[in-house]
Amino acid sequence: MKTANQEIKPITTKINANGNIEVGGCDLIELANTYGTPLYVYDEATIRSITQSYKDAFKDYPKINMMFAAKAFMTKAICKIMSEEGFGLDLCSGGEIYTAKTAGFDMSKTLFNGNNKSFDELNYAIECGIKTISVDNFFELALLNDVAKSNNKKVRILLRITPGIECHTHEYIQTGHLDSKFGFDLTQIDEAVELIKEEYTNLELVGLHAHIGSQIFEKQVYYDEIGVLFKEIKRIKDKYSINLTELNLGGGLGIKYTQHDKPISVYDLAKTMTESIEYHSKEYGMEMPEIFIEPGRSIVGTAGITLYTAGSSKQVPKGRKYQAVDGGMSDNARPSLYQAQYTVEVANNPNGKSDEKVTIAGRHCESGDILAKDIMLPEIEEGDTICFYTTGAYGYSMSSNYNRVLKSAAVLVNNGKSDIIINRQTYEQLCESDVIPDRFK
Ligand code: LLP
């Protein structure tokens, strides 16, 4: 069965009677007029469709816990949706913990991970009642033990390991290969276990964690990852008589940005994982562990689109045609950072003939601020609403104020209604942290 991560557009996308694109029952031109552009638009039905697919696909595996990797798109409204869907949260900074906590999220369904958590963040995580902390390295083991001791607590931990699995994704978003900044190398696990057993008595080791990368299209890497984790659990059991009962398999499922992308479905992912767990449990004579997965991109990526307004254009004599829009690398860093490609349409002219080759340029003072290079679109006129699909993950969450451009607003659409979930930043907010030292006054 096909799942929403295999679609380019939100599942409610249509062309309406006005001849405009509509998502979640809302006309995109009306949204652009009401809220201004650039505007992130999130389709609630698509988010809920994919979370339902995850639950359905894994329903035969009794011990599964889904956690949304908040780094893909973190706001308080998303915390509410994840809570309603029964998902936990995978959090990776004090700011994400604060957002979840102040949104009223049940902190007993959260995990804290990251390769350089600070003393203050670990302390705050414990104070907020985070359920588990995934420890990334030796430095953090010592630090966390101190923090736990000073709080008079025993903290449940996973060891994040680097399983040595290469997946074919962009180099910047591979994480499970051996030369990685994340996690314990397989050869360092024993030392970590011994330290926890003998010295770090405020830590309770409950399982292992791995995340092999992001925007993954292959099944085999997940099968293999589980094999590596089981082998380690078995080894730890035999050598130290420690029974690790929790396995966090990370996230990474890919989505379809353009027609060239062929991501597997959530059902394929679930089948592969379940088969590997069953096979390796039998092989090693172990009980099936409690499994955690933490998808980010596949939960919110397809649901989100970005609307821009077309502004100036430039035809280079005998060269490219550049069409500038009112956003760019500050609201979507992915094209300039990873050469990411997107599917683009003109929201007020979706049926127009795509017979012009154009490069969509951002508005920032940088030549590399190109959102889409050499794509075919109908001829664009100033004021047209340009729609970029699949910007829901790592768009807003990696946005910046480069050139002091304000951060964009986000709306959630559903059944013809739109609700603001992130207000557009104001000039006052932009400058609210600026301080002029007294001597300049
Ligand atoms: N778990 C861990 C430990 C992670 O580091 C990540 C993503 C995830 C889960 C979620 O992975 P996902 O399901 O979203 O693939 N900014 C990049 C992606 C960086 C991913 C970082 N870690 C991009 O825009 O492509």
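Atoms within each ligand, like the ligands themselves, are counted from 1 in listed order. In what follows, residues are counted from 1 in the order of the sequence shown.
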Exercise for review: Can you spot which of Asn332, Thr391, Thr390, Thr258 makes a side-chain hydrogen bond (donor to acceptor under 3.5 Å, both in side chains) with Tyr342?
Suggested key: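 Of Asn332, Thr391, Thr390, Thr258, side-chain hydrogen bond (donor to acceptor under 3.5 Å, both in side chains) with Tyr342 is met by Asn332 alone.
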**Study point:** Phe184 ring center near Phe138 ring center (under 6.0 Å)
**Key:**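 Yes, close enough.
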Exercise for review: For this output row, return yes or no: ring centroids of His280 and Tyr223 closer than 6.0 angstrom.
Suggested key: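 So the answer is yes for these two rings.
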Exercise for review: Determine, stepwise, if the pair Tyr40 / Tyr396 fulfils ring-ring contact (aromatic ring centres under 6.0 Å, His included).
Suggested key: CA-CA 8 Å; Tyr40 301 103; Tyr396 173 75; 5.8 Å; yes
Regarding ligand 1, does [X] bring an N or O atom to under 3.5 Å of one of the ligand's N or O atoms?
X      : result
Arg297 : yes
Gly250 : no
Leu253 : no
Ser214 : yes
Arg160 : no
Glu294 : yes

Atoms of ligand 1, numbered as shown, that sit under 4.0 Å from any heavy atom of [X]:
X      : value
Asp90  : 1 (N), 9 (C)
Gly251 : 9 (C), 13 (O)
Gly252 : 11 (O), 12 (P), 13 (O), 15 (O)
Met398 : 16 (N), 24 (O)
Pro295 : 13 (O)
Ala69  : 8 (C), 9 (C), 10 (C)

**Study point:** Atom pair CD1/CG of Ile291 and Asn65 - distance to nearest 0.5 Å
**Key:**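 One finds 9.5 Å between CD1 of Ile291 and CG of Asn65.
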Review point. Between Tyr338 and ligand 1, which part of the residue brings a heavy atom under 4.0 Å of the ligand: side chain, backbone, both or neither?
Key: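 Just the side chain.
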Review point. What do we get for Ile216 next to ligand 1 when only non-hydrogen atoms under 4.0 Å count, side chain, backbone, both or neither?
Key: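 It is neither part, as no heavy atom is under 4.0 Å.
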Exercise for review: State whether Phe112 and Lys117 meet the cation-pi test: NZ (Lys) or CZ (Arg) under 6.0 Å from the six-membered ring centroid, and within 45° of the perpendicular axis.
Suggested key: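 Yes.
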**Study point:** Exercise: do Tyr35 and Ser418 side chains pair donor with acceptor under 3.5 Å
**Key:**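 Tyr35 vs Ser418: donor-acceptor pair found between side chains.
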Review point. Is there a donor in the side chain of Ser180 and an acceptor in the side chain of Thr162, or the other way round, less than 3.5 Å apart?
Key: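 On atom types as modelled, these side chains do not qualify, holding no pair under 3.5 Å.
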Check your understanding: Which one of Val346, Val325, Leu377 satisfies the side chain to side chain contact (heavy atoms under 4.5 Å, CB included) criterion with Asp384?
Key ->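 Among Val346, Val325, Leu377, the one meeting side chain to side chain contact (heavy atoms under 4.5 Å, CB included) with Asp384 is Val346.
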